[in-house]
Amino acid sequence: MKQSGSVWPQHLLQWFWRVKRDLPWRNTEDPYAIWVSEVMLQQTQVKTVIPYYQKFLKRFPTVRSLAEAELEEVLEMWRGLGYYSRARHLWEGARFVFEHCEGKVPETYENLLKIPGVGEYTAGAIASIAYQERVPAIDGNVNRVLARLIAWEEPTAKVKSRRVFRELLKEAQSSKYPGDFNQALMELGATLCAPKNVRCGECPLEIECDAHRLGQELAFPVKQEQPRVMEAFRFTLMIRKGDQLLVRKRPSSGLLADLWEFPGEEILKHDLQISNNSNDCIVAAESGELYGKSDQVLNREFLRPGFWYDLYQRVVSDHSQDENMKKKLEKGLEVKGPIFHIFSHRRWEMYWVDLEWPDEISDIGLCWVSREELKRMALPVAFQKLLEEPNRNYEG
DNA sequence: AAGCCGGGGGG
DNA sequence: CCCCCAGGCTT
């Protein structure tokens, strides 16, 4: 960690004062105007923002004028900037200030935070720039600059990273010019310390920067590790009656929420544990989880008629055909698969069996649909694949 | 802590 | 064209 008494904050400020662009929101101390600029700059480049900023402030020069405007007109002024929900948030924030703060933008970081749509970053920017409060304003640019400065090895979004960065800035931030200090960091990130094209030769922090010392500027900030792919089996019952197939609706949260599926179960390979049982079987625990002695054992286990019969019993609540189904599964068990399906964070190894059902079924969660109807329903691709491969018999 | 929102910009 | 993403909010 950089020690207090470090000189880089001075270098940074002097660089900023030397190169800073003359932007409209840098010629005002009006917290409302700075608020507007911050919201616009969150989503768009400086040169695009300038004309919108001027037009917007001309039409809505005060919190009151914005609060009293119709949302329609605010959105109209925003047209072309994108991210219209933020225009709405700005408008709602203005109404909040008008109503709860006597029309005056709060003067402290803490009170700015109470405005809906104003988070840590925006509150910090307004407090430091308009009121010279010594608080950080950490946006994506600042995160990148700091991560490189100290060659920080964790994703910036981590709680630990945010704590370390805040501590670092607490030491470094200028007492006399906290707003300029924050703007300088952002300017640096926007111009020299860019995501891809770094210009370290011109950077005031070149000799202080750990990433540069390592020759690894682009390695920081380290990216969030993508969630590892969870491996799972997906066992499915294709229950038919003539042209009809049995389907059910998935739960309204989680994977493939509210979509349709053929009845069955997902078993995470991660959940497979060594069984206490003396025999070599997978046992269906009360929770519905399966336990096997090893992956190898499990990989064979779904060939057992008993495995599919157990699954069938957990999945179909109409037990009138139990004997019938048991016979079918024991006599001519044909397991189909594997078919693999990959989601963003999960990988299914899919197996299924075909079953004929003789007549009506009484199960509140299940319903018959024809293949024609199925085409018009929200059936995830994973299950469509099963329909397309009726002859993929498993050959252990 | 992780994901969504919902559109833009960069490669 | 696809991939990635800021900042605030929700779960």
Side-chain angles (χ1 to χ4, degrees), chain A residues 25 34-53 71 74-97 106 109-129 135-148 154-166 169 182-183 185-199 217-230 251-258 342-346:
Chain A
W25 47 90
I34 291 166
W35 182 8
V36 172
S37 76
E38 286 302 335
V39 175
M40 287 185 171
L41 287 165
Q42 278 168 19
Q43 55 198 44
T44 316
Q45 291 183 322
V46 165
K47 76 174 200 313
T48 313
V49 162
I50 292 174
Y52 280 91
Y53 171 83
L71 176 58
V74 178
L75 294 173
E76 168 70 23
M77 300 290 291
W78 208 267
R79 192 168 63 193
L81 269 179
Y83 288 89
Y84 299 93
S85 64
R86 296 206 180 154
R88 201 185 65 240
H89 285 146
L90 181 58
W91 177 71
E92 285 166 351
R95 302 183 75 197
F96 176 91
V97 169
Y109 174 80
E110 285 301 322
N111 287 332
L112 285 161
L113 266 187
K114 294 174 183 165
I115 303 172
V118 174
E120 288 180 13
Y121 165 73
T122 310
I126 299 173
S128 64
I129 297 170
V135 287
I138 307 179
D139 69 351
N141 286 322
V142 177
N143 271 326
R144 185 171 56 254
V145 170
L146 296 183
R148 286 174 178 167
E154 296 188 59
T156 56
K158 297 276 183 198
V159 171
K160 186 178 175 195
S161 306
R162 306 200 311 159
R163 201 183 61 232
V164 166
F165 285 10
R166 277 200 305 268
L169 292 181
N182 283 338
Q183 291 187 79
L185 280 172
M186 293 189 257
E187 185 91 340
L188 189 60
T191 57
L192 307 184
C193 198
K196 295 275 160 61
N197 303 312
V198 293
R199 286 153 57 190
E217 298 89 351
L218 299 190
F220 302 94
V222 301
K223 57 185 165 199
Q224 185 92 265
E225 67 201 287
Q226 51 197 353
R228 67 185 182 79
V229 207
M230 256 197 290
S252 54
S253 66
L255 185 72
L256 305 175
D258 282 329
I342 298 164
F343 303 93
S344 55
H345 56 300
R346 197 172 303 207

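Predicted model only: the values in this text are computed from it and were never measured. Just so we're on the same page: letters track the sequence lines, and every chain starts at 1. Just the heavy atoms: all of them, side chains too, but no hydrogens, waters or symmetry mates, feed the values below.
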Check every strand shown and say whether A:P116 touches a base, only sugar-phosphate, or nothing at a heavy-atom separation below 4.0 Å. sugar-phosphate
At under 4.0 Å between heavy atoms, what does A:Y83 touch on the DNA or RNA strands: base, sugar-phosphate, or nothing? base
Indicate whether OP1 or OP2 belonging to C:dC5 is found under 4.0 Å from a side-chain N or O atom of A:Q43. no
Rounded interatomic separation in angstrom, taking CZ from A:R79 and P from B:dG8: 14 Å
5'-most contact on DNA chain B (nearest-nucleotide basis), A:Y84 vs A:K158, goes to A:K158
Nearest-Å distance, CG (A:N141) to P (C:dA6)? 9 Å
Would you mind reading off the distance between A:R162 atom CZ and B:dA2 atom C1', rounded to a whole angstrom? 12 Å
Check the distance between B:dG6's P and A:L81's CG and give it to me in whole angstrom. 17 Å
Quick one: is A:T122 getting a side-chain N or O under 4.0 Å of the C:dG8 phosphate, OP1 or OP2? yes
Should A:R79 and A:E76 count as an ion pair when the cut-off is N to O under 4.0 Å? yes
Partner nucleotide of B:dG8 by Watson-Crick or wobble geometry (both distances under 3.5 Å): C:dC4
For the backbone of A:I126 and the side chain of A:E38, can you confirm whether one donor and one acceptor N or O come within less than 3.5 Å of each other? no
State whether the distance check finds a donor on one side and an acceptor on the other, under 3.5 Å, for side chain A:R86 versus base C:dG8. no
